[in-house]
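Take a look at the structure below.
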Number of protein chains: 2
Amino acid sequence: MKNLLYTGKKIKKTKARTIILEEINKIKSHPTAYEMFEIVKQRLPRVSLGTVYRNLDILSEHGLVLKLKMNDAQMHYDGRTDEHYHIQCVKCGKTEDIPLEMLKDIDTAVRDKTSYRILYHTISFYGLCTGCAEEDVSGKGKKV
Amino acid sequence: MKNLLYTGKKIKKTKARTIILEEINKIKSHPTAYEMFEIVKQRLPRVSLGTVYRNLDILSEHGLVLKLKMNDAQMHYDGRTDEHYHIQCVKCGKTEDIPLEMLKDIDTAVRDKTSYRILYHTISFYGLCTGCAEEDVSGKGKKV
DNA sequence: TCATAATTAAGAATGATTCCTGTTTAAAGT
DNA sequence: ACTTTAAACAGGAATCATTCTTAATTATGA
Ligand SMILES: [Mn+2]
Ligand SMILES: [Mn+2]
Ligand SMILES: [Zn+2]
Ligand SMILES: [Zn+2]
C-alpha cells in the first residue's frame with residue numbers, strides 16, 4: 001500500500017510520470033503530446049516522446065488527465081478532469097474551456113430516442129478567438 | 001453555364017465524382033474513405049483511393065457531403081447534409097444519426113460567455129449499440 | 001537487499017491521409 | 001464534331017501522429 005499515490009489504483013510513480021502530471025496541472029491550455037514533450041524535456045532532458053505519449057494515455061485511463069479530440073490532427077490533453085466543454089479557434093487552433101454547465105439531460109433525451117446504451121457525449125464549439133477575429137476584419141482578402 | 005450540375009458552383013462532373021456522390025447518397029451509414037473506395041470500385045474498378053479521398057473532400061467543401069470526426073482513427077462521410085448529431089458504438093464503431101433537434105440556442109449561450117465568434121458546434125454521443133450491449137451481458141469477463 | 005514486473009529511450013513500424021507526376025478527360029469555344 | 005486546356009485521374013511516394021519493439025533501467029514490495 002505504498003503506491004496509491006495518484007488515484008488509489010495501482011500505478012507506479014515514476015519520474016517521467018510525475019513530471020508530466022505536475023506540468024499538465026500547471027497550465028490551463030490543452031497541449032498536444034508533442035507540446036507536453038517540449039515542456040517535460042526542460043526538467044527531464046532525456047525523456048522520449050514515446051514516454052510522453054504512453055504516460056498521457058495511462059494517466060487518462062486513470063482519470064488524471066483528459067484526452068480530447070478536436071478538429072485538428074493531434075490529440076489534446078487536459079489537466080482539468082471534471083467534465084467540461086471546449087472551444088477551438090478554427091484559425092490558430094487555440095483550445096479553451098467553455099463556462100457552460102454540463103448538459104446531462106441530453107443523454108437521457110437521446111436514450112429515449114435510440115436503442116443505444118449511452119455512455120457519454122462530447123460537445124465542441126468552433127469559432128474565431130478575439131485575436132484571429134480582428135485579423136479577419138483588418139486583413140480581409142489577404143491570404144496569410 | 002453547363003456544369004453547375006451539383007450546386008451552382010463550378011465543379012466538374014466526372015465519372016468518379018458522380019459515382020461517389022450517388023453511392024454515398026444510397027446508404028444511410030457513415031462510411032470511411034476506404035469503405036467508399038470499396039463500394040465505388042464495384043462500379044469503377046480502376047478508381048484509386050486517392051481519388052476517393054480527394055472527391056469526398058471536394059464534395060464536403062461544396063456542402064454535398066458531411067465529413068465527421070468521431071472517436072476512431074478515420075474520418076467518416078455522410079450523404080445526409082442537413083445538420084444533425086451522431087452516436088457511435090464504442091465497441092463496434094457503428095455510427096448512426098440521432099433524432100435530436102439541433103441545439104441552436106447553445107451557440108448563443110456560449111457566445112455570451114466567451115469572446116469567441118462562434119461558427120458552429122458538434123455533439124457526439126458514445127455508447128453501446130443493441131448488439132454490443134447484449135454481448136456485453138452474456139460475455140461478461142470475456143475478452144473478445 | 002533482492003527479485004521482478006513495470007517503465008524507459010531509441011528508433012522502427014503502422015496507418016490514415018496527402019502529395020507528386022505523368023497521363024487522361026471533361027467542358028468551353030470554334 | 002474538333003481543339004484547347006484546366007481539372008481530374010491512377011499509381012505510388014511522402015508525411016505525420018501515434019504505437020510498437022527491444023534491450024536496458026528502475027520502482028516496488030517481500
Ligand atoms: Mn479543458
Ligand atoms: Mn448522419
Ligand atoms: Zn485564434
Ligand atoms: Zn456495437
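None of the values given here were measured: they were computed from a predicted structure. In what follows, chains are A, B, ... by sequence order, proteins preceding strands, each numbered from 1.
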Exercise. For K104(B), look at atom NZ and say whether over 12 heavy atoms of other residues, nucleotides or ligands are found less than 6.0 Å away.
Key: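 Not more than 12 within 6.0 Å, no.
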Quiz item: Taking everything shown except K15(B) itself, do over 12 heavy atoms lie less than 6.0 Å from its NZ?
Solution: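 Counting other residues, nucleotides and ligands, NZ of K15(B) stays at 12 neighbours or fewer.
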Practice problem: May I ask you to say what D72(A) touches in the nucleic acid, namely base, sugar-phosphate or nothing, with a heavy-atom cut-off under 4.0 Å? | Solution: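 No contact.
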Quiz prompt | Under 4.0 Å protein heavy-atom contacts per nucleotide of nucleotides 1-8 of chain C, with B for base, S for backbone only and - for none | solution = ----BBSB
Exercise. Please say which of E38(A), M75(A), H76(A) ends up in a side-chain contact (heavy atoms from CB on, under 4.5 Å) with T32(A).
Key: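 Looking at E38(A), M75(A), H76(A), the match for T32(A) under the side-chain contact (heavy atoms from CB on, under 4.5 Å) is H76(A).
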Self-check item: Residue whose closest nucleotide on DNA chain C lies nearer the 5' end, G50(B) versus V52(A)
Solution: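 Closer to the 5' end of DNA chain C: V52(A).
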Quiz item: Is there a donor-acceptor contact under 3.5 Å linking the side chains of Y120(B) and E83(B)?
Solution: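 Checked: Y120(B)/E83(B) side chains show no N/O donor-acceptor pair below 3.5 Å.
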Exercise. Report yes or no: do T51(B) and R54(B) form a side-chain donor-acceptor pair below 3.5 Å?
Key: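 There is such a pair (donor and acceptor under 3.5 Å, judged by atom type) between the side chains of T51(B) and R54(B).
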[X] [atom1] to [N] [atom2]: how many Å, rounded?
X	N	atom1	atom2	answer
L68(B)	dA16(C)	CG	C1'	16 Å
Y53(A)	dG15(C)	OH	P	16 Å
D57(B)	dT17(C)	CG	P	9 Å
L44(B)	dA8(D)	CG	P	16 Å
L49(A)	dT14(C)	CG	P	19 Å
Q74(A)	dC16(D)	CD	P	11 Å
H62(B)	dA7(D)	NE2	P	12 Å
I19(A)	dT26(D)	CD1	P	14 Å

Practice problem: Go through residues 34-43 of chain A and report each residue with a non-hydrogen atom lying under 4.0 Å from DNA chain C, sorted by number. | Solution: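 Heavy-atom contacts with DNA chain C come from no residue of residues 34-43 of chain A; none.
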Can you name the closest pair of heavy atoms from [X] and [Y] and give their distance?
X	Y	answer
N25(B)	G79(B)	OD1-O, 3.4 Å
M36(B)	E23(B)	CE-CB, 4.1 Å
A33(B)	V52(B)	O-CG1, 3.5 Å
V65(A)	T81(A)	N-CG2, 3.6 Å

